[in-house]
Each structure stands twice: as C-alpha cells, then as structure tokens.
Number of protein chains: 2
Amino acid sequence: MRYHKIPDETVRRLPVYLRGAMHLSQQGLESISSRHLADLLGVKPWQIRKDFSYFGDFGTPGVGYHLESLIKQINKILRLDAGQKAVLVGVGNLGSALLAFPGFGMYGFEIAAAFDVDKRKIGRRRGGVVIGDIAKLRNLRRRGICLGIIAVPEDTTQEVADTLVDAGIKGILNFSPRYITVPKRVKVITIDIAMDLARLPYYMPLS
Amino acid sequence: MRYHKIPDETVRRLPVYLRGAMHLSQQGLESISSRHLADLLGVKPWQIRKDFSYFGDFGTPGVGYHLESLIKQINKILRLDAGQKAVLVGVGNLGSALLAFPGFGMYGFEIAAAFDVDKRKIGRRRGGVVIGDIAKLRNLRRRGICLGIIAVPEDTTQEVADTLVDAGIKGILNFSPRYITVPKRVKVITIDIAMDLARLPYYMPLS
DNA sequence: TGGTGATTGCGCTCACATTCACAGACAACA
DNA sequence: TGTTGTCTGTGAATGTGAGCGCAATCACCA
Ligand SMILES: NC(=O)c1ccc[n+]([C@@H]2O[C@H](COP(=O)([O-])OP(=O)(O)OC[C@H]3O[C@@H](n4cnc5c(N)ncnc54)[C@H](O)[C@@H]3O)[C@@H](O)[C@H]2O)c1
Ligand SMILES: NC(=O)c1ccc[n+]([C@@H]2O[C@H](COP(=O)([O-])OP(=O)(O)OC[C@H]3O[C@@H](n4cnc5c(N)ncnc54)[C@H](O)[C@@H]3O)[C@@H](O)[C@H]2O)c1
C-alpha cells in the first residue's frame, strides 16, 4: 500500500470494480485482466490500471488481477471489511423498500436499526428490525452504528440529521432533496433521484 | 444563448440551481444574488456565476438573478419545459415507492405508464396508472413517452433495457446495479444506491 | 446627471483527471 | 532454458473543471 493521495474519482469507481470482481469471483474465475474487466463494466482498461496503481501492486503481468486478493484489498481500502452498521430513519415508501433491499449486504452493510415518528409503525417488524421511536433515538455509537440513512419528508430532514449527528453518526446517506448542514467531520452523500432524472432530457437526441 | 460546449459538471448542477430557484420563488422572492443562492445550496458563489455564464446573461449586476426568468431558462436548457413523460418497468418495492413519489412532478415529469411481468400486479392501479403487461409493451413514442425507468431484478435488466430501446425510448434511468449495453444514441443514468453508500466509510473519520 | 455600492461576467491559472504509449515483468511452452 | 505473447505499472501529454480576482455593469439616490 503506497501513500499517494487517492483521487476522489478513483474512490468513486472502486465500488464499481468491487462489484465486478465479486460477480466474476462467484462465477468461479480466478483472475481477470484489466481489458476484460473493462469490457464487463463499460470503462477503459487504462483507467482500471491507473486506479489500481494508486494502491500498490495488485496484478501480475501476463495474467491480470487475482480476484480474491483484489476484493480483499478494495474492501480494506473502502473500510467495508469492518461490517458497517447503518440506521434508517423514516420507514415510509422509500424506507420500506430500502429495508427489503438485499443489495446493501453485498458490501458488508447491515441496517441494524430503523426509526420512525408514526405511532402506528413503531413496534412493527420490517425486514429483520423492529421500528423504534425516533424520540428515543439516543447513543448509537454504543451499538456500533456509524452510518445514517435519511428517508423522511423534506421538511424534517435537517432535524433528523441533527439527531443523528448528536447520536454519534459519522456518515449520512440522504434521500431527501434538500441541502443539510452538518459538522465538517460528518460526511454526507445525497441521492436526489428526481434531480438525476432531470438531466436526462438534456442528453437525449432531439427528434 | 451562446454556443460554448457546456461542461457535464455544469449540467449536473443545473437541477440543483433550479430547485433552489423554485424554492425561493415560492417564498415570494423576486431576485437572488449568487452569494445568497450559494449559501442556500452549500456551494460557492463563483461556481454559480461561472455555470450561468455558459448560457448567456441571466443576471443583472448589482441585483442578482431574476428568479422567474432563471427558472424558465434552466427549464428550457434541460428541456424540462416540454413536460417529459416516463415509463416505469418493475412495480416491486422500489417501483411502488417511485410511483408514490411526488418529487418527479417538480421537474415536469410524469410517470405515464407502468409495466410488470407479475400477473397478480397487472391490471392493478398504483399512483394514477394501471400496471400493464410487459409482454405487451410496444411503441411508446406514439404515446409521447421518451424516458424509461428500470426497477426490475438484476438478471432481467438487460432484457428490459432492450425492450425499452425497441419501443423508442431515448433515455433510461436504471436502478439495477448492473452495467447495461444500449445503442450510443440512448443515454443511460444508473443510480446504484448501495454503491453510493459504499464510499461513505472511506470518508468517515477513523476513531 | 453623476456618484456609490453591489453584483455580474469572464479571463486566467492551477489542480486534478483522463488518455496514451511503452518498458519491463511474468506465464506458458517447446 | 530461450522465446513468444500478454498484461501490468507508470511517466508524460492532453483535456477539463474549480477557484479566484477584477473590470464592466446596473439600480439607486441625491
Ligand atoms: N418514494 C420515493 O420513491 C422517493 C424517491 C426519492 C426520494 N424520496 C424522498 O425520500 C423521503 C421519504 O419518501 P417516502 O416516499 O418514503 O415518504 P413517506 O411519507 O412514505 O415516508 C416518510 C416516513 O418518514 C416518517 N417521518 C416523518 N417525520 C419523521 C421524523 N421526524 N422522524 C422519523 N420519521 C419521520 C413518516 O412517519 C413516514 O413513515 C422524502 O424526502 C422523499 O422526497 C422518496
Ligand atoms: N428495494 C430497494 O430499495 C432498491 C434500492 C436500490 C436498487 N434496487 C434495485 O431495484 C430493482 C428492483 O428492486 P425491488 O426491491 O423493487 O425488487 P422487487 O422484487 O420488489 O420488484 C421487482 C419487480 O419487477 C418485476 N419484474 C421482474 N421481471 C420483470 C420483467 N422482465 N419485466 C417487468 N417486470 C419485471 C417483478 O414482478 C417485481 O414486481 C432491483 O434491481 C434492485 O437491485 C432496489
């Protein structure tokens, strides 16, 4: 492991590579060349080699990258090997879908708790967790939960973010289409689905 | 409207500005300066000015940007003023949430049709549309639908994408965590929620 | 009508990211 | 063990966007 400064864009692509590597590994493959992985993922081979080169020597010339160690390395770099736990706030339409979503497990995530404000939902079981009362959300660090997922209506987003920060959350995945302010130490990633859709027409052919 | 090549990153940010502008307009404001808009959205003022400068003269020195014409302009650039129609394929956990999601309307989108393969779902009504049989999905262009939203299981994603392309779709929003191949004229935007979450731990403080 | 304060539009520079080309490393095999 | 073909790792070139500073511009008001 070298100590270069790793470009953000590279970090953004690492999960893509990880997914591809896991996919191929499950199919029984041992190794993969940058060219074949690139074809599979729709990127360029030299991009992959450059990205991997920031972290040290993963590959063997003439053969490619050994999948098992590649997966282990990327997991380590992204700190996914620790088995991150997340808390979901807001078990509505989207929150329920997220609780039923198996895709988080692939990266070692577990939604270990869920909270809502709706009395009718509190106490119910959804996808392996019991929905708790948001008013009783206290210290989460004690339970080993460092990630928060926000799926509440727009107008309560900031309030929920504050609650999560107080509870010791260090990273937030926000689905609400609103800018939230948090201490600088907390990393926020916002997914605004409508906004992503909104830039599609710009790129579409006119006719 | 000048003819510069507009940076992709600028296009990506335009919906953010649009949302902010609409938000302020609804509060009764007439104009906004780059500094105030920047504060609201958590970006830098010069970023906003630079972005807007690609498209011509939106603003008035000493005052700022006139909200109404700003909104109209961005809508025009992103081609949202046409009132884009979209088709949803896969009405499962995520698909149902999307149908119930009011956020698309803000950008002038309408989910005008939904399709599934599950006989128990076909014919049912969800969020204003009747779920159709995917086997009967034919020409969509005739109905004025140019956008496709894919929310089906991973292994059928490519197949559904092909169907949509055949039906005349020009842009796809894909929620399935798999790389799909389409003709170059079709623009694909993939939202992989788990992948976005996966790069959070890298940026989180260690302790 | 001319001065004032605020804010835009844009050129310039630097930092970062992508792309390419190729030397050198390795496996495979005769 | 020598030869061949493949693939990696990386330095250098090219492309792209962010950050900034300031002249030009406008509303406002005396
Ligand atoms: N539905 C979608 O497909 C979709 C897509 C993208 C983004 N979003 C965004 O995700 C958010 C949730 O969407 P939804 O469709 O699930 O809405 P929803 O109304 O179905 O669910 C919201 C849930 O949050 C709970 N809630 C409200 N205030 C709360 C609080 N202070 N603390 C804890 N829980 C609280 C409500 O009880 C409800 O269960 C919204 O901001 C929406 O814009 C939704
Ligand atoms: N649930 C989530 O929160 C979530 C989050 C991110 C991504 N995703 C992805 O979105 C996709 C759907 O997730 P989900 O949770 O809604 O799954 P789901 O199983 O609940 O729903 C899938 C739906 O697609 C339908 N379907 C299957 N094959 C089809 C076909 N060929 N044509 C039309 N319809 C078909 C099924 O009948 C079902 O209704 C998956 O790829 C998943 O990885 C889901």
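Remember, it's a predicted structure, so these values are computed and weren't measured experimentally. When reading the values below, keep in mind they use all heavy atoms of this one structure, side chains included, and skip hydrogens, waters and symmetry mates. Proteins come first, then strands; the chains are lettered A, B, ... in the order of their sequence lines, and each starts at number 1.
Between B/Arg49 and B/Ser34 the shortest heavy-atom distance is NH1-OG, 3.0 Å.
Of the residues in residues 11-30 of chain A, not one comes within less than 4.0 Å of DNA chain D through any heavy atom.
The interatomic distance linking A/Ile48 (CD1) with D/dT10 (P) rounds to 16 Å, in whole Å. Summarising the geometry, the separation between CH2 on A/Trp46 and P on D/dT8 is reported as 13 Å, rounded to the nearest angstrom. When rounded to the nearest whole Å, the span between OH of A/Tyr54 and P of D/dT8 equals 17 Å. Protein atom NZ of A/Lys44 is 19 Å distant from nucleotide atom C1' of D/dT8, rounded to whole Å. A/His66 has its NE2 atom 22 Å from the P atom of C/dA25, to the nearest Å. Atom CG of A/Leu70 is separated from atom P of D/dT8 by 11 Å (rounded to the nearest Å). What separates NZ of A/Lys50 from C1' of C/dC20 is a distance of 10 Å, to the nearest Å. Atom CG of A/Asp8 is separated from atom C1' of C/dA17 by 11 Å (rounded to the nearest Å).
In this pair, A/Phe101 and A/Phe104 present their aromatic rings perpendicular. The plane angle is above 60°, beyond the 30 to 60° band. Ring orientation note: the planes of B/Phe52 and B/Tyr17 are nearly perpendicular, at an angle over 60° on the 30°/60° scale.
Not one N or O on the side chain of A/Ser25 forms a donor-acceptor pair closer than 3.5 Å with the backbone of A/Met22. Looking only at distances, no side-chain donor or acceptor of B/Gln84 sits under 3.5 Å from a matching main-chain atom of A/Ala198. No donor-acceptor distance shorter than 3.5 angstrom exists from the side chain of A/Arg19 to the backbone of B/Met195, with no hydrogens or angles considered. Looking at B/Arg138, its side chain does come within 3.5 Å of a backbone N or O of B/Ala135 through a donor-acceptor pair.
Contact annotation for A/Ser34: backbone-only contact, meaning every heavy-atom pair under 4.0 Å involves sugar-phosphate atoms and none involves a base. Using a 4.0 Å heavy-atom criterion, one finds that A/Phe58 contacts the sugar-phosphate atoms exclusively.
The phosphate of D/dT8 (OP1 or OP2) has a side-chain N or O of A/Arg49 nearer than 4.0 angstrom. Contact annotation: A/Arg35 reaches the phosphate of D/dC7 (side-chain N/O to OP1 or OP2, under 4.0 Å). Taking 4.0 angstrom as the limit, B/Tyr65 places a side-chain polar atom (N or O) nearer than this to OP1 or OP2 of C/dG9. Contact annotation: B/Gln47 reaches the phosphate of D/dG19 (side-chain N/O to OP1 or OP2, under 4.0 Å).
If you check C/dT8, D/dG17, D/dG9 against the side chain of B/Glu9, the one that comes closest is D/dG17.
Along DNA chain C, the nucleotide nearest A/Val63 and the nucleotide nearest A/Thr10 are compared for position; the residue whose nucleotide lies closer to the 5' end is A/Thr10.
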